[in-house]
Asker: 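This is the structure I have questions about; it appears just below.
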Number of protein chains: 2
Amino acid sequence: MANIKTKTYHHGNLEQALLVAGFQEARGTGSRNLGVNSLAKEVQVSPMAVYRHFPSGESLKANISQLGREEMARQMIEAISRQAGVKNRFQAVGRAYIQFALDEPGLFAVAFTACDAPPKREDSPSAWLVFQDSILDLCTEGLIDASEVEHVSAFAWAAVHGYATLAGGKDPMRPKATEQVISNLLDRIWSGIVGEGVQNR
Amino acid sequence: MANIKTKTYHHGNLEQALLVAGFQEARGTGSRNLGVNSLAKEVQVSPMAVYRHFPSGESLKANISQLGREEMARQMIEAISRQAGVKNRFQAVGRAYIQFALDEPGLFAVAFTACDAPPKREDSPSAWLVFQDSILDLCTEGLIDASEVEHVSAFAWAAVHGYATLAGGKDPMRPKATEQVISNLLDRIWSGIVGEGVQNR
DNA sequence: TTGCCATGTTGCTAGTATAAACATTACTTA
DNA sequence: TAAGTAATGTTTATACTAGCAACATGGCAA
(Lines give C-alpha, C1' and ligand atoms only; values in the text may rest on other atoms or scores of the structure.)
Protein backbone atom coordinates (compact mmCIF):
# COMPACT_ATOMS: atom_id res chain seq x y z
CA MET A 1 0.00 0.00 0.00
CA ALA A 2 2.85 2.35 0.73
CA ASN A 3 4.83 4.45 -1.74
CA ILE A 4 1.85 6.30 -3.09
CA LYS A 5 3.20 9.46 -4.73
CA THR A 6 1.71 11.90 -2.23
CA LYS A 7 2.39 15.07 -4.22
CA THR A 8 1.97 17.62 -1.47
CA TYR A 9 1.50 21.20 -2.54
CA HIS A 10 3.94 22.28 0.12
CA HIS A 11 7.35 20.80 -0.12
CA GLY A 12 8.00 20.49 3.57
CA ASN A 13 11.59 21.63 3.81
CA LEU A 14 12.37 23.42 0.61
CA GLU A 15 15.09 25.65 2.00
CA GLN A 16 17.14 22.73 3.21
CA ALA A 17 16.43 20.79 0.03
CA LEU A 18 17.71 23.65 -2.13
CA LEU A 19 20.87 23.98 -0.07
CA VAL A 20 21.55 20.26 -0.22
CA ALA A 21 20.88 20.09 -3.95
CA GLY A 22 23.13 23.09 -4.48
CA PHE A 23 25.84 21.56 -2.34
CA GLN A 24 25.78 18.35 -4.36
CA GLU A 25 25.74 20.25 -7.62
CA ALA A 26 28.67 22.39 -6.50
CA ARG A 27 30.53 19.25 -5.51
CA GLY A 28 30.00 17.89 -8.99
CA THR A 29 30.22 20.75 -11.43
CA GLY A 30 31.27 23.81 -9.45
CA SER A 31 29.27 26.98 -9.80
CA ARG A 32 27.94 26.31 -13.28
CA ASN A 33 24.48 24.94 -12.40
CA LEU A 34 23.72 26.87 -9.25
CA GLY A 35 21.06 29.08 -10.81
CA VAL A 36 17.54 29.51 -9.48
CA ASN A 37 15.80 27.67 -12.32
CA SER A 38 18.28 24.83 -12.36
CA LEU A 39 18.07 24.11 -8.65
CA ALA A 40 14.30 24.61 -8.56
CA LYS A 41 13.91 21.96 -11.23
CA GLU A 42 16.25 19.69 -9.30
CA VAL A 43 13.94 19.72 -6.27
CA GLN A 44 10.80 19.59 -8.44
CA VAL A 45 9.50 23.00 -7.58
CA SER A 46 8.66 26.09 -9.60
CA PRO A 47 11.46 28.65 -9.86
CA MET A 48 9.54 31.33 -7.97
CA ALA A 49 9.23 29.11 -4.92
CA VAL A 50 12.92 29.70 -4.31
CA TYR A 51 12.24 33.34 -3.55
CA ARG A 52 10.10 32.38 -0.56
CA HIS A 53 13.32 31.25 1.10
CA PHE A 54 16.05 33.36 -0.44
CA PRO A 55 15.79 37.01 -1.49
CA SER A 56 17.71 36.36 -4.70
CA GLY A 57 19.62 33.78 -6.63
CA GLU A 58 22.82 35.39 -5.40
CA SER A 59 21.73 34.86 -1.84
CA LEU A 60 21.07 31.18 -2.48
CA LYS A 61 24.51 30.84 -4.00
CA ALA A 62 26.06 32.66 -1.05
CA ASN A 63 24.47 30.21 1.36
CA ILE A 64 25.65 27.21 -0.64
CA SER A 65 29.05 28.84 -0.67
CA GLN A 66 29.01 28.94 3.10
CA LEU A 67 28.07 25.29 3.31
CA GLY A 68 31.26 24.69 1.37
CA ARG A 69 33.31 26.71 3.84
CA GLU A 70 31.76 24.82 6.74
CA GLU A 71 32.44 21.43 5.21
CA MET A 72 36.02 22.54 4.65
CA ALA A 73 36.30 23.66 8.26
CA ARG A 74 34.99 20.29 9.42
CA GLN A 75 37.68 18.45 7.51
CA MET A 76 40.37 20.79 8.81
CA ILE A 77 39.26 20.27 12.40
CA GLU A 78 39.21 16.55 11.82
CA ALA A 79 42.76 16.69 10.51
CA ILE A 80 43.96 18.70 13.49
CA SER A 81 42.41 16.30 15.96
CA ARG A 82 44.65 13.50 14.79
CA GLN A 83 47.88 15.36 15.39
CA ALA A 84 50.04 16.13 18.39
CA GLY A 85 52.68 18.83 18.61
CA VAL A 86 52.47 22.43 17.48
CA LYS A 87 54.24 22.09 14.18
CA ASN A 88 52.41 18.92 13.24
CA ARG A 89 49.06 20.40 14.06
CA PHE A 90 49.79 23.57 12.15
CA GLN A 91 50.97 21.76 9.06
CA ALA A 92 48.02 19.40 9.24
CA VAL A 93 45.66 22.35 8.95
CA GLY A 94 47.46 23.67 5.92
CA ARG A 95 47.56 20.23 4.39
CA ALA A 96 43.84 19.73 4.93
CA TYR A 97 43.13 23.13 3.39
CA ILE A 98 45.10 22.17 0.30
CA GLN A 99 43.75 18.65 0.16
CA PHE A 100 40.20 19.94 0.24
CA ALA A 101 40.88 22.15 -2.75
CA LEU A 102 42.33 19.21 -4.67
CA ASP A 103 39.69 16.64 -3.65
CA GLU A 104 36.71 18.94 -4.05
CA PRO A 105 37.61 21.51 -6.69
CA GLY A 106 34.01 22.48 -7.36
CA LEU A 107 33.17 22.94 -3.71
CA PHE A 108 36.38 24.86 -3.09
CA ALA A 109 35.74 27.21 -5.99
CA VAL A 110 32.19 27.89 -4.85
CA ALA A 111 33.32 28.34 -1.26
CA PHE A 112 35.63 31.15 -2.28
CA THR A 113 33.47 32.99 -4.76
CA ALA A 114 29.84 33.97 -4.68
CA CYS A 115 30.11 35.44 -1.22
CA ASP A 116 28.72 38.81 -2.30
CA ALA A 117 25.35 38.50 -0.62
CA PRO A 118 25.40 37.81 3.11
CA PRO A 119 24.43 34.29 4.19
CA LYS A 120 21.38 33.76 6.41
CA ARG A 121 22.95 31.88 9.29
CA GLU A 122 25.87 33.25 11.20
CA ASP A 123 29.32 32.09 10.28
CA SER A 124 29.63 28.73 11.93
CA PRO A 125 33.16 27.35 12.00
CA SER A 126 34.46 28.65 8.72
CA ALA A 127 37.64 27.48 7.08
CA TRP A 128 39.78 30.50 7.82
CA LEU A 129 38.66 30.79 11.41
CA VAL A 130 40.08 27.32 11.97
CA PHE A 131 43.21 28.45 10.22
CA GLN A 132 43.39 31.57 12.35
CA ASP A 133 43.05 29.48 15.49
CA SER A 134 45.95 27.30 14.48
CA ILE A 135 48.11 30.41 14.33
CA LEU A 136 46.97 31.58 17.72
CA ASP A 137 48.19 28.21 18.96
CA LEU A 138 51.65 29.04 17.69
CA CYS A 139 51.40 32.13 19.83
CA THR A 140 50.28 30.43 23.04
CA GLU A 141 53.02 27.85 22.57
CA GLY A 142 55.54 30.67 22.49
CA LEU A 143 56.72 30.03 18.94
CA ILE A 144 55.77 33.49 17.76
CA ASP A 145 55.08 36.75 19.53
CA ALA A 146 51.58 38.14 19.87
CA SER A 147 52.65 41.14 17.81
CA GLU A 148 53.45 38.83 14.93
CA VAL A 149 50.08 37.12 14.71
CA GLU A 150 48.68 39.40 12.05
CA HIS A 151 51.73 39.12 9.82
CA VAL A 152 52.14 35.38 10.25
CA SER A 153 48.46 34.89 9.62
CA ALA A 154 48.55 36.85 6.38
CA PHE A 155 51.64 35.02 5.19
CA ALA A 156 50.58 31.48 6.03
CA TRP A 157 47.04 31.88 4.85
CA ALA A 158 48.21 33.49 1.62
CA ALA A 159 50.69 30.73 0.84
CA VAL A 160 48.27 27.91 1.57
CA HIS A 161 45.32 29.54 -0.14
CA GLY A 162 47.38 30.58 -3.13
CA TYR A 163 48.73 27.08 -3.63
CA ALA A 164 45.29 25.55 -3.18
CA THR A 165 43.87 27.91 -5.78
CA LEU A 166 46.66 27.52 -8.31
CA ALA A 167 47.26 23.80 -7.99
CA GLY A 168 43.54 23.06 -8.08
CA GLY A 169 42.94 25.25 -11.13
CA LYS A 170 43.21 24.22 -14.73
CA ASP A 171 45.85 26.60 -15.96
CA PRO A 172 48.58 24.73 -17.83
CA MET A 173 51.23 26.64 -15.86
CA ARG A 174 49.88 25.60 -12.47
CA PRO A 175 52.27 24.09 -9.93
CA LYS A 176 52.32 20.32 -9.53
CA ALA A 177 50.11 18.80 -6.88
CA THR A 178 52.32 16.03 -5.51
CA GLU A 179 52.93 15.04 -1.91
CA GLN A 180 56.55 16.12 -2.45
CA VAL A 181 55.63 19.64 -3.49
CA ILE A 182 53.05 20.03 -0.74
CA SER A 183 55.39 18.87 2.01
CA ASN A 184 58.09 21.17 0.74
CA LEU A 185 55.65 24.05 0.60
CA LEU A 186 54.57 23.51 4.20
CA ASP A 187 58.21 23.39 5.27
CA ARG A 188 58.95 26.66 3.55
CA ILE A 189 55.92 28.23 5.15
CA TRP A 190 57.17 27.04 8.50
CA SER A 191 60.53 28.50 7.69
CA GLY A 192 58.89 31.80 6.83
CA ILE A 193 57.12 31.78 10.18
CA VAL A 194 59.93 30.90 12.56
CA GLY A 195 62.84 31.61 10.20
CA GLU A 196 65.86 33.80 10.84
CA GLY A 197 65.70 36.34 8.07
CA VAL A 198 62.35 37.88 8.92
CA GLN A 199 62.37 41.55 9.80
CA ASN A 200 59.88 43.43 11.97
CA ARG A 201 59.63 40.85 14.69
CA MET B 1 30.71 69.97 -44.04
CA ALA B 2 32.86 67.81 -41.87
CA ASN B 3 31.76 65.57 -39.03
CA ILE B 4 29.01 63.95 -41.02
CA LYS B 5 28.04 60.78 -39.16
CA THR B 6 29.50 58.39 -41.72
CA LYS B 7 27.74 55.30 -40.42
CA THR B 8 29.72 52.67 -42.24
CA TYR B 9 28.10 49.27 -42.45
CA HIS B 10 31.43 47.68 -41.70
CA HIS B 11 32.99 48.69 -38.46
CA GLY B 12 36.58 48.63 -39.58
CA ASN B 13 38.30 47.00 -36.65
CA LEU B 14 35.62 45.39 -34.58
CA GLU B 15 37.79 42.72 -33.02
CA GLN B 16 40.19 45.24 -31.56
CA ALA B 17 37.33 47.51 -30.51
CA LEU B 18 35.65 44.69 -28.61
CA LEU B 19 38.85 43.79 -26.83
CA VAL B 20 39.53 47.38 -25.86
CA ALA B 21 35.96 47.92 -24.69
CA GLY B 22 36.12 44.70 -22.69
CA PHE B 23 39.44 45.69 -21.17
CA GLN B 24 38.06 49.03 -20.04
CA GLU B 25 34.92 47.41 -18.69
CA ALA B 26 36.95 44.82 -16.80
CA ARG B 27 39.07 47.59 -15.38
CA GLY B 28 35.94 49.28 -14.11
CA THR B 29 33.53 46.60 -13.01
CA GLY B 30 35.36 43.29 -13.26
CA SER B 31 33.72 40.45 -15.11
CA ARG B 32 30.13 41.57 -14.60
CA ASN B 33 29.53 43.31 -17.95
CA LEU B 34 31.70 41.27 -20.24
CA GLY B 35 28.84 39.56 -22.03
CA VAL B 36 28.34 39.50 -25.77
CA ASN B 37 25.29 41.77 -25.82
CA SER B 38 26.75 44.24 -23.40
CA LEU B 39 30.03 44.69 -25.26
CA ALA B 40 28.32 44.71 -28.64
CA LYS B 41 26.13 47.59 -27.52
CA GLU B 42 29.21 49.36 -26.20
CA VAL B 43 30.79 49.39 -29.67
CA GLN B 44 27.48 50.12 -31.39
CA VAL B 45 27.18 46.86 -33.20
CA SER B 46 24.61 44.09 -33.21
CA PRO B 47 25.34 41.20 -30.82
CA MET B 48 25.73 38.65 -33.60
CA ALA B 49 28.56 40.62 -35.17
CA VAL B 50 30.72 39.51 -32.26
CA TYR B 51 30.58 35.93 -33.49
CA ARG B 52 32.32 36.90 -36.71
CA HIS B 53 35.43 37.50 -34.61
CA PHE B 54 35.08 35.18 -31.64
CA PRO B 55 33.58 31.68 -31.68
CA SER B 56 31.73 32.32 -28.41
CA GLY B 57 31.24 34.77 -25.62
CA GLU B 58 33.58 32.66 -23.51
CA SER B 59 36.28 33.05 -26.11
CA LEU B 60 35.89 36.83 -26.09
CA LYS B 61 36.16 36.83 -22.32
CA ALA B 62 39.22 34.60 -22.48
CA ASN B 63 40.94 37.04 -24.81
CA ILE B 64 40.12 40.00 -22.60
CA SER B 65 41.43 37.94 -19.71
CA GLN B 66 44.71 37.55 -21.50
CA LEU B 67 44.95 41.27 -22.13
CA GLY B 68 44.76 41.59 -18.37
CA ARG B 69 47.60 39.12 -17.86
CA GLU B 70 49.70 40.97 -20.41
CA GLU B 71 49.10 44.33 -18.81
CA MET B 72 50.07 42.82 -15.49
CA ALA B 73 53.22 41.36 -16.97
CA ARG B 74 54.10 44.77 -18.40
CA GLN B 75 53.87 46.39 -15.00
CA MET B 76 55.92 43.63 -13.41
CA ILE B 77 58.66 43.99 -16.01
CA GLU B 78 58.62 47.73 -15.49
CA ALA B 79 59.03 47.22 -11.75
CA ILE B 80 61.94 44.84 -12.22
CA SER B 81 63.74 47.22 -14.54
CA ARG B 82 64.08 49.80 -11.78
CA GLN B 83 65.82 47.48 -9.34
CA ALA B 84 69.34 46.21 -8.87
CA GLY B 85 70.37 43.20 -6.84
CA VAL B 86 68.82 39.76 -6.81
CA LYS B 87 66.72 40.11 -3.71
CA ASN B 88 65.48 43.56 -4.64
CA ARG B 89 64.52 42.46 -8.09
CA PHE B 90 62.75 39.38 -6.81
CA GLN B 91 60.79 41.27 -4.20
CA ALA B 92 59.94 43.98 -6.71
CA VAL B 93 58.24 41.39 -8.90
CA GLY B 94 56.19 40.10 -6.02
CA ARG B 95 55.32 43.61 -4.95
CA ALA B 96 54.21 44.54 -8.45
CA TYR B 97 52.08 41.39 -8.65
CA ILE B 98 50.36 42.33 -5.40
CA GLN B 99 50.09 46.00 -6.26
CA PHE B 100 48.40 45.18 -9.53
CA ALA B 101 45.77 43.13 -7.72
CA LEU B 102 45.12 46.01 -5.33
CA ASP B 103 45.17 48.80 -7.92
CA GLU B 104 43.19 46.96 -10.56
CA PRO B 105 40.92 44.51 -8.75
CA GLY B 106 38.59 44.09 -11.71
CA LEU B 107 41.37 43.46 -14.16
CA PHE B 108 43.12 41.08 -11.78
CA ALA B 109 39.96 39.07 -11.20
CA VAL B 110 39.28 38.79 -14.92
CA ALA B 111 42.91 37.91 -15.63
CA PHE B 112 42.68 34.90 -13.33
CA THR B 113 39.29 33.57 -14.27
CA ALA B 114 37.61 33.04 -17.57
CA CYS B 115 40.58 31.27 -19.07
CA ASP B 116 38.57 28.22 -20.08
CA ALA B 117 38.55 28.87 -23.80
CA PRO B 118 41.95 29.27 -25.45
CA PRO B 119 42.91 32.80 -26.51
CA LYS B 120 43.54 33.57 -30.16
CA ARG B 121 47.02 35.04 -29.96
CA GLU B 122 49.88 33.14 -28.44
CA ASP B 123 50.73 33.84 -24.84
CA SER B 124 52.79 36.98 -25.00
CA PRO B 125 54.62 37.83 -21.78
CA SER B 126 52.14 36.63 -19.21
CA ALA B 127 52.30 37.52 -15.54
CA TRP B 128 53.52 34.19 -14.23
CA LEU B 129 56.15 33.77 -16.89
CA VAL B 130 57.72 36.96 -15.61
CA PHE B 131 57.46 35.59 -12.13
CA GLN B 132 59.02 32.31 -13.20
CA ASP B 133 61.90 34.18 -14.78
CA SER B 134 62.61 36.03 -11.59
CA ILE B 135 63.04 32.70 -9.84
CA LEU B 136 65.38 31.40 -12.50
CA ASP B 137 67.45 34.48 -11.72
CA LEU B 138 67.78 33.31 -8.14
CA CYS B 139 69.16 30.12 -9.60
CA THR B 140 71.72 31.68 -11.91
CA GLU B 141 72.86 33.91 -9.08
CA GLY B 142 73.54 30.82 -7.03
CA LEU B 143 71.02 31.55 -4.30
CA ILE B 144 69.11 28.36 -4.89
CA ASP B 145 69.95 25.09 -6.56
CA ALA B 146 68.50 24.15 -9.92
CA SER B 147 66.78 21.21 -8.27
CA GLU B 148 64.89 23.62 -6.06
CA VAL B 149 63.42 25.77 -8.80
CA GLU B 150 60.13 23.91 -8.98
CA HIS B 151 59.57 23.97 -5.24
CA VAL B 152 60.61 27.58 -4.79
CA SER B 153 58.48 28.59 -7.71
CA ALA B 154 55.39 26.90 -6.30
CA PHE B 155 55.97 28.40 -2.88
CA ALA B 156 56.68 31.97 -3.92
CA TRP B 157 53.99 32.12 -6.54
CA ALA B 158 51.46 30.64 -4.14
CA ALA B 159 52.25 33.12 -1.38
CA VAL B 160 52.17 36.15 -3.63
CA HIS B 161 49.12 35.06 -5.57
CA GLY B 162 47.28 34.01 -2.45
CA TYR B 163 47.89 37.31 -0.77
CA ALA B 164 46.94 39.25 -3.89
CA THR B 165 43.70 37.31 -4.13
CA LEU B 166 42.76 37.52 -0.46
CA ALA B 167 43.80 41.10 0.22
CA GLY B 168 42.12 42.32 -2.96
CA GLY B 169 38.90 40.44 -2.25
CA LYS B 170 35.96 41.68 -0.27
CA ASP B 171 35.75 39.10 2.45
CA PRO B 172 35.59 40.74 5.87
CA MET B 173 38.27 38.37 7.18
CA ARG B 174 40.78 39.28 4.49
CA PRO B 175 44.29 40.30 5.51
CA LYS B 176 45.15 44.00 5.65
CA ALA B 177 46.72 45.59 2.60
CA THR B 178 49.26 47.92 4.14
CA GLU B 179 52.83 48.55 3.11
CA GLN B 180 53.85 47.04 6.48
CA VAL B 181 52.07 43.78 5.86
CA ILE B 182 53.28 43.50 2.29
CA SER B 183 56.92 44.12 3.18
CA ASN B 184 56.72 41.61 5.98
CA LEU B 185 55.12 39.09 3.65
CA LEU B 186 57.88 39.48 1.08
CA ASP B 187 60.47 39.04 3.81
CA ARG B 188 58.87 35.85 5.02
CA ILE B 189 58.70 34.55 1.46
CA TRP B 190 62.38 35.31 1.13
CA SER B 191 63.00 33.48 4.36
CA GLY B 192 61.07 30.52 3.05
CA ILE B 193 63.24 30.49 -0.05
CA VAL B 194 66.71 30.79 1.41
CA GLY B 195 65.84 29.87 5.01
CA GLU B 196 67.49 27.23 7.17
CA GLY B 197 64.66 24.93 8.09
CA VAL B 198 63.74 23.85 4.61
CA GLN B 199 64.05 20.15 3.79
CA ASN B 200 64.66 18.59 0.38
CA ARG B 201 67.24 21.04 -0.77
C1' DT C 1 32.23 44.94 -64.53
C1' DT C 2 31.18 40.88 -62.13
C1' DG C 3 31.09 38.22 -58.52
C1' DC C 4 32.99 36.31 -54.28
C1' DC C 5 33.45 36.60 -49.49
C1' DA C 6 34.30 38.96 -45.16
C1' DT C 7 31.54 41.29 -42.26
C1' DG C 8 27.61 43.16 -40.84
C1' DT C 9 22.12 42.68 -39.97
C1' DT C 10 17.46 40.84 -38.41
C1' DG C 11 14.57 37.23 -36.54
C1' DC C 12 14.29 33.23 -33.86
C1' DT C 13 14.76 29.81 -29.96
C1' DA C 14 16.02 28.73 -25.52
C1' DG C 15 17.64 29.86 -21.16
C1' DT C 16 18.10 33.06 -17.15
C1' DA C 17 16.29 36.20 -13.02
C1' DT C 18 12.56 38.09 -10.85
C1' DA C 19 8.12 40.96 -10.15
C1' DA C 20 2.89 40.55 -9.48
C1' DA C 21 -1.10 38.13 -8.81
C1' DC C 22 -3.26 34.02 -7.47
C1' DA C 23 -3.82 29.23 -5.00
C1' DT C 24 -3.31 26.11 -1.34
C1' DT C 25 -2.24 24.51 2.98
C1' DA C 26 -0.68 25.00 7.86
C1' DC C 27 -1.26 27.30 12.08
C1' DT C 28 -3.64 29.99 15.45
C1' DT C 29 -7.20 31.69 17.95
C1' DA C 30 -12.00 32.38 19.39
C1' DT D 1 -14.30 22.74 15.87
C1' DA D 2 -14.68 26.82 12.55
C1' DA D 3 -12.69 30.94 10.75
C1' DG D 4 -9.05 33.91 9.76
C1' DT D 5 -4.35 34.63 8.72
C1' DA D 6 0.36 33.68 7.51
C1' DA D 7 3.46 30.70 5.09
C1' DT D 8 4.50 28.59 1.06
C1' DG D 9 3.53 27.24 -3.26
C1' DT D 10 2.05 28.23 -8.69
C1' DT D 11 1.21 30.76 -12.92
C1' DT D 12 1.94 34.60 -15.86
C1' DA D 13 4.65 38.21 -17.63
C1' DT D 14 8.80 41.21 -18.49
C1' DA D 15 13.39 41.84 -19.41
C1' DC D 16 17.62 40.11 -19.82
C1' DT D 17 21.30 36.68 -21.92
C1' DA D 18 23.78 33.37 -25.69
C1' DG D 19 23.78 31.75 -30.03
C1' DC D 20 21.70 29.57 -34.73
C1' DA D 21 20.01 30.57 -39.48
C1' DA D 22 19.02 33.46 -43.08
C1' DC D 23 19.70 37.68 -45.30
C1' DA D 24 22.20 42.31 -46.58
C1' DT D 25 26.10 45.12 -47.64
C1' DG D 26 30.13 46.52 -49.54
C1' DG D 27 35.31 45.90 -50.35
C1' DC D 28 38.52 43.52 -53.23
C1' DA D 29 40.02 40.63 -57.05
C1' DA D 30 39.64 38.43 -61.60
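Chain letters run A, B, ... following the sequence lines, proteins first, then strands; residues in each count from 1. The structure presented is a predicted model; accordingly, all values stated were derived computationally and were not measured.
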Asker: Using the test salt bridge (Lys or Arg N to Asp or Glu O under 4.0 Å), find all partners of A:E141 that sit at least two apart in sequence or belong to another chain.
Answerer: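 Listed in chain order: nothing, the list is empty.
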
Asker: What residues, two or more places apart in sequence or in another chain, satisfy side-chain contact (heavy atoms from CB on, under 4.5 Å) together with B:A177?
Answerer: B:L102, B:Y163, B:A167

Asker: Does B:E150 have any salt bridge (Lys or Arg N to Asp or Glu O under 4.0 Å) partners at least two apart in sequence or in another chain, and if so, which?
Answerer: A:K176

Asker: Which ring pair (Phe, Tyr, Trp, His ring centres under 6.0 Å) pairs, counting each pair once, include a residue from residues 45-94 of chain B, with sequence neighbours left out?
Answerer: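 Counting only pairs at least two positions apart or across chains, the ring pair (Phe, Tyr, Trp, His ring centres under 6.0 Å) contacts touching residues 45-94 of chain B are B:F90-B:W190.
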
Asker: N/O contacts under 3.5 Å, protein versus nucleotides 22-24 of chain D?
Answerer:
| residue | atom | partner | partner atom | Å |
| --- | --- | --- | --- | --- |
| D:dA24 | N3 | B:Y9 | OH | 3.2 |

Asker: With sequence neighbours left out, write down each residue that passes salt bridge (Lys or Arg N to Asp or Glu O under 4.0 Å) with A:R95, or none if nothing qualifies.
Answerer: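 Residues passing salt bridge (Lys or Arg N to Asp or Glu O under 4.0 Å) with A:R95: A:E179.
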
Asker: Quick one: side-chain hydrogen bond (donor to acceptor under 3.5 Å, both in side chains) pairs with a partner in residues 12-21 of chain A, sequence neighbours left out?
Answerer: A:E15-A:K120

Asker: Report the distance from atom NE2 of B:H11 to atom P of D:dG26, rounded to the nearest whole Å.
Answerer: 16 Å

Asker: With sequence neighbours left out, write down each residue that passes side-chain contact (heavy atoms from CB on, under 4.5 Å) with A:Q83, or none if nothing qualifies.
Answerer: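 A:Q83: side-chain contact (heavy atoms from CB on, under 4.5 Å) contacts with A:N88, A:R89, A:A92.
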
Asker: Which of these, B:N33, B:I64, B:L19, sits in a side chain to side chain contact (heavy atoms under 4.5 Å, CB included) with B:L39?
Answerer: B:I64

Asker: Encode nucleotides 11-20 of chain D as B, S and - characters from 5' to 3', where the letter depends on protein heavy atoms closer than 4.0 Å: B to the base, S only to sugar-phosphate, - to neither.
Answerer: B-----BSBB

Asker: With sequence neighbours left out, write down each residue that passes ring pair (Phe, Tyr, Trp, His ring centres under 6.0 Å) with A:F108, or none if nothing qualifies.
Answerer: A:F112, A:H161

Asker: Just to verify, what does B:E71 make a salt bridge (Lys or Arg N to Asp or Glu O under 4.0 Å) with, not counting sequence neighbours?
Answerer: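 Partners of B:E71 under the salt bridge (Lys or Arg N to Asp or Glu O under 4.0 Å) test: B:R74.
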
Asker: Give me the first and last nucleotide of DNA chain C, going 5' to 3', that has any atom under 4.0 Å from a heavy atom of chain B.
Answerer: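 From 5' to 3', the first and last contacting nucleotides are C:dA6 to C:dG11.
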
